[in-house]
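These notes concern the structure reproduced below.
Below, chain A is the first sequence line, B the second, and so on; all start at residue 1.
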Protein chains: 2
Amino acid sequence: MSRKGDLSKERILKATKALVMRKGFAGTSVDDILREAGVSKGAFFHHFRSKADLTEQLMRWYADTDIRMFREILARAEAAHDDPMDQLLQFLTDFEVYLSDPKQPPRGCMYALYTYEDDHFENDLKEFVAETLQTWTAMYIRKFQEVIDLHTPAKPVTAKRLAEMFVSVIEGGLILQRAYQVPGMTARQSEQFRDYLELLFPTATRKAA
Amino acid sequence: MSRKGDLSKERILKATKALVMRKGFAGTSVDDILREAGVSKGAFFHHFRSKADLTEQLMRWYADTDIRMFREILARAEAAHDDPMDQLLQFLTDFEVYLSDPKQPPRGCMYALYTYEDDHFENDLKEFVAETLQTWTAMYIRKFQEVIDLHTPAKPVTAKRLAEMFVSVIEGGLILQRAYQVPGMTARQSEQFRDYLELLFPTATRKAA
DNA sequence: CCGAAAACAGACCAAACGGTATGTATAGAA
DNA sequence: TTCTATACATACCGTTTGGTCTGTTTTCGG
């Protein structure tokens, strides 16, 4: 495995991610990517069979790092607390810190972007995106179920619904954040969701982090 | 004002809306639109100076009908109840009925789509989208403020935050709905948000519709 | 240090793109 | 009926697009 080639490939992927987040998939041309990544056309088509191939690899690469990031934050929260509710609240506050990081200005979710441009893509990529979103949701379902099992909710609720609501609120927050160009919007949605959880599980004890 | 021309123009706008919701702005070519709308290139460029001009007019046309629709649902809810909380819950259930209407398969929000492709557009269009989203949010802020003034919330909360959370939850619901291709997702998010409101304002009376 | 595979560079291409030019049909006011 | 502005239709144009082809450099095991 040569290192040089993998480095270029990652340069291309990163450049494409940045461009796609601002211009969409169809709105990003191969020449745009070459300029942004500083590679030649030959290099590009050496690593990717086509633009569609790049799109697919980008999606899988993005999903991999994305899910891994969430797992890490959750693992830290689980290590810090015993009660699943405390773990959850810790996860959310840590996630808010991540969201409020002033680096990487144009925040966004590539799954969201994808769903609004899905006509250009193959069916197996559609399935992959749906599966990835489900994996992401499943992570939360598990945790919410633990909370529900331990603390009686003030109103009947399912773990699945709570998980889906959290994902929705984050996705929607990103859209508002982009539209208004105010950095804190998504984190605020997470906060607001925490408030909901605290109302929903009033018996859950709250400890200092 | 001749009727014939306006009719063709609306045909083009409707066709573009349908295409854009599946392929994005950049991913929809003028020829695509001509095919979908069944008009000639001459007709198209008679009504629109450029593709960018169409994009702007489409956005304004969409925003107009969109906001009007929300105002109508809210007006009906306000006519049906006296208590702002009842009005709000009625509004949400009516909105859920609208969302669950099996017509118009590919649901989506053009503002969301826009924010993920905004690099192609002019600044005044960016401002217009932001303003429209703010108008939409402001509608809810007013109503939430009335509720807060009348019923003490179980946890301190601002009308603005609640309004933004609702918009977020709907936008996010649309994304999940598109990704999973299950029609009820967005309506479920609205339901879940209603649950939150009922926990937040426990003193609010609930009447039968 | 050699040879072969990987990694690149850049000229080139056909098709699709947004847009124009020019001509024709049509509708309504005078 | 005639005049004129609107409403189209279509051939055409320059540019950009995704992709190919050919040739050169770099890398690395033997």
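- The side chain to side chain contact (heavy atoms under 4.5 Å, CB included) search around A/Ser40 returns A/Ala43, not counting sequence neighbours.
- Of the side-chain N and O atoms in A/His46, none sit less than 4.0 angstrom from OP1 or OP2 of C/dA9.
- Sorted by first and then second residue, the pairs that involve residues 110-137 of chain B and meet salt bridge (charged side-chain N to carboxylate O under 4.0 Å, His left out), not counting sequence neighbours, are A/Arg22-B/Asp119.
- DNA chain D lies under 4.0 Å from at least one heavy atom of each of the following residues of residues 36-45 of chain B: B/Ser40, B/Lys41, B/Gly42, B/Ala43.
- Between the CG atom of A/Leu34 and the C1' atom of D/dT17 there is a distance of 12 Å, rounded to whole Å.
- When the P atom of C/dG18 is taken as reference, atom CD1 of B/Ile12 falls 14 Å away, rounded to whole Å.
- Between B/His47 and D/dC8, a side-chain N or O to OP1/OP2 separation shorter than 4.0 Å is present.
- Here ring-ring contact (aromatic ring centres under 6.0 Å, His included) pairs that include residues 49-68 of chain A, with residues two or more places apart or in two chains, are A/Tyr62-A/Tyr111.
- Distance CG (A/Asp6) to C1' (D/dC28): 15 Å, rounded to an integer number of Å.
- Taking a 4.0 Å limit (strictly below) on heavy-atom distances, residues 118-126 of chain A does not reach DNA chain C anywhere.
- Legend: residues meeting side chain to side chain contact (heavy atoms under 4.5 Å, CB included) with A/Ala130, ordered by chain and number and at least two apart, are B/Tyr180.
- The salt bridge (charged side-chain N to carboxylate O under 4.0 Å, His left out) contacts involving residues 87-100 of chain A comprise A/Arg76-A/Asp94, A/Glu96-A/Arg194, where partners must be two or more places apart or lie in separate chains.
- Aromatic ring centres of A/Phe144 and A/Phe166 lie farther apart than the 6.0 Å criterion allows.
- Taking side-chain N and O atoms only, B/Ser29 has no distance below 4.0 Å to OP1 or OP2 of C/dA16.
- The shortest distance between the side-chain N/O atoms of A/Ser8 and the OP1/OP2 oxygens of C/dC8 is below 4.0 Å.
- Taking atom CZ on A/Arg35 and atom P on D/dG18, their separation rounds to 11 Å, with Å as the unit.
- Nucleotide D/dC8 holds its P atom 9 Å from the CG atom of B/Leu7, rounded to whole Å.
- Residues passing the side chain to side chain contact (heavy atoms under 4.5 Å, CB included) test with A/Ala112 are A/Cys109, A/Glu171, B/Tyr116, B/Ile175, sequence neighbours excluded.
- A/Glu146 pairs by the side chain to side chain contact (heavy atoms under 4.5 Å, CB included) definition with A/Pro84, A/Gln87, A/Lys143, not counting sequence neighbours.
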